[in-house]
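Presented below is the structure to which this report refers.
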Amino acid sequence: KLLYEQHKYADAIRHLDYVSKNAPNRIDLTNLLGKIYVDYGVKQRGIENYKKTLKIDENNVEALTALGALYLDTSQPRLAIKSYTQLLKLLKNEEDLLSVLRTIADIHLSLNEYNSALECYNKILVFQPNEVSILRNLKETYVKANLTEDAIILLKKLIIMDNKDYDLYEELMILLYKHKYYSEVLELAKQVTRYENADIANIQNIIAKVYMNTEQVEDSIVMLIEILEQYPENTYLHQTLAQAYMKMNRYDDAISVYIDLMEKDDITKMSMYKNNLSTIYCNYGTYLYKMDRHKEAFERFATALKYDASNSEVYYQIGYCNALIKNYNDAIPNIRKAIELEPNRYIYKLALADIYYGFGELVEAMKLYDIVLECEPHNVQALFMSGMISIKQLNPEKALDYFKTALIINPDNIEIRYNLALAYEYTQNKDAAIQEYESILEIDPSHEAAQNNLSLIKSVGDEA
């Protein structure tokens with residue numbers, strides 16, 4: 001102990017090792033060895049000694065406390081949780097218990113284990129309902145877990161507790177905007193402009209976005225141009241203005257905004273600006289294609305790739321537009337490139353599957369629909385098209401399963417219901433087919449195919 005107090009760690013360890021070999025069950029020795037090793041910087045040996053203590057006494061508070069901290073310090077969060085959880089069962093002091101519980105909650109939050117973190121934070125709030133730091137962590141957990149409603153409620157409570165914290169107002173505005181509570185955003189924006197440290201440019205930016213999403217795009221453009229006169233260096237305002245121009249199909253104006261930014265702004269943002277320009281040119285191309293200006297559309301797509309050759313959406317749109325004109329030789333490789341760049345965008349796989357289905361490659365199409373359904377079992381398009389392929393492969397029983405599942409998700413879809421009725425006919429279930437045709441005619445009395453098929457089934461039944 002004296003050597004340890006003199007920071008002569010190596011000598012202290014040598015003496016303690018000798019003593020502990022002759023008294024292996026002395027907890028005070030193994031704990032002291034663990035402490036010295038930690039202070040000496042040999043954390044793994046410290047862990048080993050504290051674990052020796054727990055073999056002698058599994059409920060040793062000192063060892064469990066030290067191990068929890070060491071596991072955290074050595075990037076072993078799950079072992080830390082295990083140690084702290086065992087420690088919780090032993091603590092009697094409320095302050096110590098809540099401190100450990102908070103540490104466990106914070107670890108769960110760092111691991112993105114939101115439900116476990118929420119459970120711990122809510123337990124603490126039973127004892128400390130107005131502890132601001134816990135409420136803030138709970139709010140952060142709600143935000144990360146996409147529990148926006150709960151986060152909004154908690155932010156409002158925090159604002160009542162501290163109505164001078166502008167950052168809370170700003171965060172609340174952003175969450176309200178994301179949740180499309182636009183009237184509340186506008187009302188809150190009026191309130192916070194009175195704060196000395198209010199970020200007026202950011203507030204106006206959020207208001208402009210609200211206008212953009214409430215069919216007041218022209219008003220948002222006017223407002224943004226005016227506010228940019230006061231804050232010409234604010235890049236977020238410029239980017240929102242470009243978005244507003246795009247909503248009005250003023251793509252050339254949107255492009256000009258980014259060209260100006262690239263000429264004036266920090267070079268570190270060039271990659272982002274080029275990516276955004278690529279997206280604008282891609283949307284421009286899609287717009288021109290819909291206007292039957294195909295040559296200009298593909299020129300815009302080519303420009304989009306010059307700004308960002310890894311923009312998956314550009315390849316997808318090139319492929320999709322080529323598929324519409326049945327140029328499958330260009331459509332397929334471009335959509336495959338989009339899938340390669342973003343394998344989790346299932347709309348790309350659906351598009352490729354639809355192309356294969358279109359020219360009769362049913363096996364390839366079914367493979368892709370199956371991939372989509374493995375990850376998105378309620379994807380109506382994949383379910384419907386899988387049913388259509390099953391019909392073509394003379395497997396109406398399997399088609400019934402696909403159509404029924406799709407109809408549960410989208411019960412008003414007449415096309416699904418019509419093909420379900422056909423599948424019932426193929427399986428000789430005429431009563432079920434009649435029921436589906438009648439349901440279609442309740443929704444759309446003018447559905448000619450359903451009328452004809454229903455009349456035919458009933459006439460055959462009458463003749464029989």
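By convention here, the first residue in the shown sequence is residue 1. What you see below is based on every heavy atom in this structure, not just the backbone, and it leaves out hydrogens, waters and symmetry mates.
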Give me the atom names and distance for the closest heavy-atom approach of [X] to [Y].
| X | Y | value |
| --- | --- | --- |
| Gly46 | Tyr37 | N-CB, 3.6 Å |
| Ile56 | Asn25 | CD1-CA, 3.8 Å |
| His238 | Pro232 | NE2-O, 2.9 Å |
| Ala105 | Tyr121 | CB-CE2, 3.3 Å |
| Pro396 | Tyr426 | CB-CB, 3.8 Å |
| Ile335 | Gly319 | CG1-CA, 3.8 Å |

Can you establish whether the number of heavy atoms outside [X] located under 6.0 Å from its atom [atom1] is more than 12?
| X | atom1 | answer |
| --- | --- | --- |
| Tyr211 | OH | no |
| Tyr231 | OH | yes |
| Tyr273 | OH | yes |

Please check if any side-chain donor atom of [X] sits under 3.5 Å from a side-chain acceptor atom of [Y], or the reverse.
| X | Y | answer |
| --- | --- | --- |
| Tyr258 | Asn276 | yes |
| Gln243 | Gln239 | no |
| Tyr114 | Asn112 | yes |
| Asp308 | Ser310 | yes |
| Tyr369 | Glu374 | no |

NZ/NE/NH1/NH2 to OD/OE distance under 4.0 Å, [X] and [Y]:
| X | Y | answer |
| --- | --- | --- |
| Lys264 | Glu233 | no |
| Glu119 | Lys123 | yes |
| Glu48 | Lys51 | no |

Q | Those residues that, when tested against Asp73, pass salt bridge (Lys or Arg N to Asp or Glu O under 4.0 Å) (two or more places apart) | A |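 With sequence neighbours excluded, Asp73 shows a salt bridge (Lys or Arg N to Asp or Glu O under 4.0 Å) to Lys43, given in chain and number order.
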Q: Output all residues satisfying salt bridge (Lys or Arg N to Asp or Glu O under 4.0 Å) with Glu376, sequence neighbours left out; order by chain, then residue number.
A: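 Per chain and number, Glu376 pairs via salt bridge (Lys or Arg N to Asp or Glu O under 4.0 Å) with no residue.
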Look at the side chain of [X] and the backbone N and O of [Y], then say whether any donor-acceptor pair between them is shorter than 3.5 Å.
| X | Y | answer |
| --- | --- | --- |
| Asn49 | Arg45 | yes |
| Asn122 | Leu118 | yes |
| Thr141 | Asn137 | yes |
| Ser83 | Ala80 | no |
| Arg345 | Glu342 | no |
| Ser312 | Ala338 | no |
| Asn213 | Lys209 | yes |
| Asn163 | Ile159 | no |
| Asn205 | Ala201 | no |
| Arg417 | Leu407 | no |

Q.
Before you tell me yes or no, could you show the steps for Arg78 and Glu113 under side-chain contact (heavy atoms from CB on, under 4.5 Å), namely the whole-Å CA-CA distance, both residues' side-chain angles and the distance that decides it to 0.1 Å?
A. CA-CA 11 Å; Arg78 301 207 178 280; Glu113 296 171 354; 2.4 Å; yes
Report yes if some heavy atom in the side chain of [X] is under 4.5 Å from a heavy atom in the side chain of [Y]; otherwise report no.
| X | Y | result |
| --- | --- | --- |
| Arg136 | Leu168 | yes |
| Asn234 | Ile227 | no |
| Asp199 | Val192 | no |
| Asn31 | Tyr50 | yes |
| Asn311 | Leu341 | no |
| Val132 | Asp162 | no |
| Ser278 | Lys306 | no |
| Tyr177 | Tyr182 | yes |

Enter the distance from [X]:[atom1] to [Y]:[atom2] here, rounded to the nearest 0.5 Å.
| X | Y | atom1 | atom2 | answer |
| --- | --- | --- | --- | --- |
| Asn419 | Glu415 | CG | CD | 6.0 Å |
| Ile389 | Glu364 | CD1 | CD | 10.5 Å |
| Glu171 | Leu155 | CD | CG | 5.0 Å |
| Ile203 | Thr193 | CD1 | OG1 | 6.0 Å |

Q: Enumerate the residue pairs fulfilling side-chain hydrogen bond (donor to acceptor under 3.5 Å, both in side chains) with a member in residues 84-98, sequence neighbours excluded, ordered by first and then second residue.
A: none
Q.
Going by side-chain hydrogen bond (donor to acceptor under 3.5 Å, both in side chains), name the pairs with one or both residues in residues 380-394, residues two or more places apart or in two chains.
A.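 Residue pairs with at least one partner in residues 380-394: Asp354-Gln381.
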Q | Phe359-Tyr328 aromatic ring centre distance below 6.0 Å | A |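 Yes, they do, as the ring centres are separated by less than 6.0 Å.
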Q.
Walk me through whether Lys144 and Glu140 qualify under salt bridge (charged side-chain N to carboxylate O under 4.0 Å, His left out).
A. CA-CA 6 Å; Lys144 288 185 175 180; Glu140 183 185 346; 3.1 Å; yes
Q.
The test is side-chain contact (heavy atoms from CB on, under 4.5 Å); show your working for Leu188 and Glu184 and say whether it passes.
A. CA-CA 6 Å; Leu188 191 60; Glu184 284 193 57; over 6 Å; no
Q.
For a side-chain contact (heavy atoms from CB on, under 4.5 Å) check, start with the C-alpha distance between Leu368 and Leu350, then their side-chain angles and the critical distance, and finish with the verdict.
A. CA-CA 7 Å; Leu368 287 161; Leu350 283 172; over 6 Å; no
**Q.** Check against side-chain contact (heavy atoms from CB on, under 4.5 Å), Met173 and Asn202
**A.** CA-CA 10 Å; Met173 267 195 299; Asn202 188 44; 5.7 Å; no
Q | Selection residues 133-172 - residue pairs positive for ring-ring contact (aromatic ring centres under 6.0 Å, His included), sequence neighbours left out | A | Tyr169-Tyr195
Q) Among pairs that include at least one residue of residues 371-416, which meet ring-ring contact (aromatic ring centres under 6.0 Å, His included), considering only residues two or more places apart or in two chains? A)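 Matches after skipping sequence neighbours: Phe384-Phe403.
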Q: Would you kindly check if the NZ (Lys) or CZ (Arg) of Arg300 is within the cone defined by 45 degrees around the ring axis of Tyr281 and under 6.0 Å from the six-membered ring centre?
A: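 Arg300 over Tyr281 ring: no.
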Q | Working for salt bridge (charged side-chain N to carboxylate O under 4.0 Å, His left out), residues Lys35 and Glu62 | A | CA-CA 10 Å; Lys35 183 176 176 58; Glu62 183 183 348; over 6 Å; no
